[in-house]
2 protein chains.
Amino acid sequence: MIQSVQRAAALLKAFDSDTPELGVNDLSRRVGLHKSTASRLLATLEHAGLVERVPGTEKYRLGFELVRLAGYVRHYGDLRELARPVLADLAAQTSETVHLAVLDGDEVINLEQIEAPHMLREANWVGRRTPLHCVANGKALLAWLPDPQSAAIYAAPLAQYTDRTITDPHLLRRQMAQVRRCGYAVALGEIEIGLHAVAAAICDRDGLPLAAVSVSGPAYRVTPQRIDALGALVVAAATTIAGRML
Amino acid sequence: MIQSVQRAAALLKAFDSDTPELGVNDLSRRVGLHKSTASRLLATLEHAGLVERVPGTEKYRLGFELVRLAGYVRHYGDLRELARPVLADLAAQTSETVHLAVLDGDEVINLEQIEAPHMLREANWVGRRTPLHCVANGKALLAWLPDPQSAAIYAAPLAQYTDRTITDPHLLRRQMAQVRRCGYAVALGEIEIGLHAVAAAICDRDGLPLAAVSVSGPAYRVTPQRIDALGALVVAAATTIAGRML
DNA sequence: CGATCTGTTGCATGATATGAAACTTGTTGC
DNA sequence: GCAACAAGTTTCATATCATGCAACAGATCG
């Protein structure tokens, strides 16, 4: 474990969507470093293009080199590129935002986000991790998850995000049975008020869930009446992607 | 300049699309480090999630943390998010791949890539830098570039990529005059045989080029007959984005 | 103008990253 | 089945190199 590299990585991770620009002092305080140390580490990171200075103020922000490197991340790369056209299709058909997500431990991680045409911007969820029980993608995965893993999810306490979040494991279990029956999962304002989503799992030939596709949008557009139709579309998309993978 | 951080960054940059997975020896040789040093640096990077080990072979590849961090890169973030729906629209209308690019020094850097529905995968160009004179986006920017900068481009030797690459500065200058007349730029197999593209610049109120939008596809789909129609569409998209920015 | 906050730069110190070599582990060849 | 080889990790002594302090330089503010 090399200390200076660890510290440099910590500096990178100190940035987030709330604070896209930070000064040396802010950063050193967050990470717990001397400002002189932080200053030199940041200068090195800047030299590498991993951070940059904002022209006006002299604060730091994450650099474009990260975007370039992220393009080479091969993890799930095949799945992503394979799925992309299908996802674009789904976004066009539904005029809503589409996500592709996979299971990572006991969380869902978003691999891809495709905005529908004509829509206002939506926050970027790519790379974000969420629990399984309160998002549509997570539920779609959970529904087909075999026993040792799924039991662990039900056993752990289920965090409450809104008043619609399901925190009762028995209720969740029953809902998952229904997901297996109809093929798609639904989450209505369970992680964020007003955010509705429908998702379907992409399973391998053994029936194990590999990934999930979702369509999501504001409650006033993704209404209860539309859910059946959207469900059919996400299931179709998931089936298409699964077909391409095998 | 902190040596170990510089070396760690060099290790990250040693990965590219040709070699997505590398062993400790490969990496140490590429960067010019002792394998023991490389081993420790990589272990640290792995701990930070910036690289991961491939489950089967124990080689390293870039980690998903990079994708997460890249999502927070705010550089041109506004432009990107603002442009995204328009780009998605353009992709849907043309059924071809759409790119958004900006000028970075004397090169073009791709910020965004949107795949059209129904299409086979295209290589990822996001983050890649290309010269100005042989890609449609670059020409669109070059055409509106004011004198001190554009003169430097024409003065420098123009690299030849295919037999259709324009390497004569006078010819290029004349073509740029035509771009200013019709509003869009065209590149036909000038950086890669069989890759055709049409692009238009997004200019600020002073007429300075800020970014460019392009539509590209294989030569058999992006035919000379379609170019006029595609030109009109990219110009419309560029105008829409420019309008949203001001 | 003094006061305060932010960020960079010398400098002495010793903590820490380094390279050589030893040691594992896995693979290939005979 | 064993030897030879390659890839990777670990140990250890060494001195390099990162560190923290303090002083300095700008900027902002009252």
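Order of the sequence lines sets the chain letters (A, B, ...), proteins ahead of strands, with each chain counted from 1.
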Check your understanding: Is any side-chain N or O of B:Arg40 under 3.5 Å from a base N or O of D:dG8, one able to act as donor and the other as acceptor?
Key -> no
Review point. Side-chain donor or acceptor of A:Thr37 under 3.5 Å from a matching atom on the base of D:dG20?
Key: no
Tell me: [atom1] of [X] to [atom2] of [N], nearest whole Å?
| X | N | atom1 | atom2 | value |
| --- | --- | --- | --- | --- |
| A:Asp26 | C:dG7 | CG | P | 7 Å |
| A:Glu58 | D:dA27 | CD | P | 10 Å |
| B:Lys35 | D:dT10 | NZ | C1' | 11 Å |
| B:Leu11 | C:dT18 | CG | P | 10 Å |
| A:Leu41 | C:dT9 | CG | P | 14 Å |
| B:Arg53 | C:dT25 | CZ | C1' | 13 Å |
| A:Leu42 | D:dA18 | CG | P | 15 Å |
| B:Asn25 | C:dG26 | CG | C1' | 14 Å |

Write down the atom of [X], the atom of [Y], and the distance for their closest heavy-atom approach.
| X | Y | value |
| --- | --- | --- |
| A:Leu11 | A:Ala38 | CD1-O, 4.3 Å |
| A:Lys59 | A:Asp26 | NZ-OD2, 3.7 Å |
| A:Phe15 | B:Tyr72 | O-CD1, 3.9 Å |
| A:Arg7 | A:Leu41 | CB-CD1, 3.8 Å |

Which nucleotide in the list [options] gets nearest to the side chain of [X]?
| X | options | value |
| --- | --- | --- |
| A:His34 | D:dG20, D:dT10, D:dT19 | D:dG20 |
| A:Arg29 | D:dG8, C:dT8, C:dT6 | C:dT6 |
| A:Ser36 | D:dA18, C:dT9, D:dT19 | C:dT9 |

**Study point:** Sugar-phosphate only, base, or nothing, as touched by A:Ser4 at under 4.0 Å among non-hydrogen atoms
**Key:** sugar-phosphate
Exercise for review: Ignoring backbone atoms, test whether B:Arg7 places a side-chain nitrogen or oxygen under 4.0 Å from the OP1 or OP2 oxygen of C:dA17.
Suggested key: no
Name every donor-acceptor pair, under 3.5 Å, that has one atom in a side chain of residues 132-152 of chain A and the other anywhere in the protein, sequence neighbours excluded.
| unit_1 | atom_1 | unit_2 | atom_2 | d |
| --- | --- | --- | --- | --- |
| A:His133 | NE2 | A:Ala159 | O | 2.7 |
| A:Asn137 | ND2 | A:Ser214 | OG | 3.2 |
| A:Lys139 | NZ | A:Gln175 | OE1 | 2.7 |
| A:Lys139 | NZ | A:Val186 | O | 3.0 |
| A:Lys139 | NZ | A:Glu190 | OE1 | 2.7 |
| A:Lys139 | NZ | A:Glu190 | OE2 | 3.2 |
| A:Ser150 | OG | A:Pro146 | O | 3.2 |
| A:Ser150 | OG | A:Asp147 | O | 3.3 |

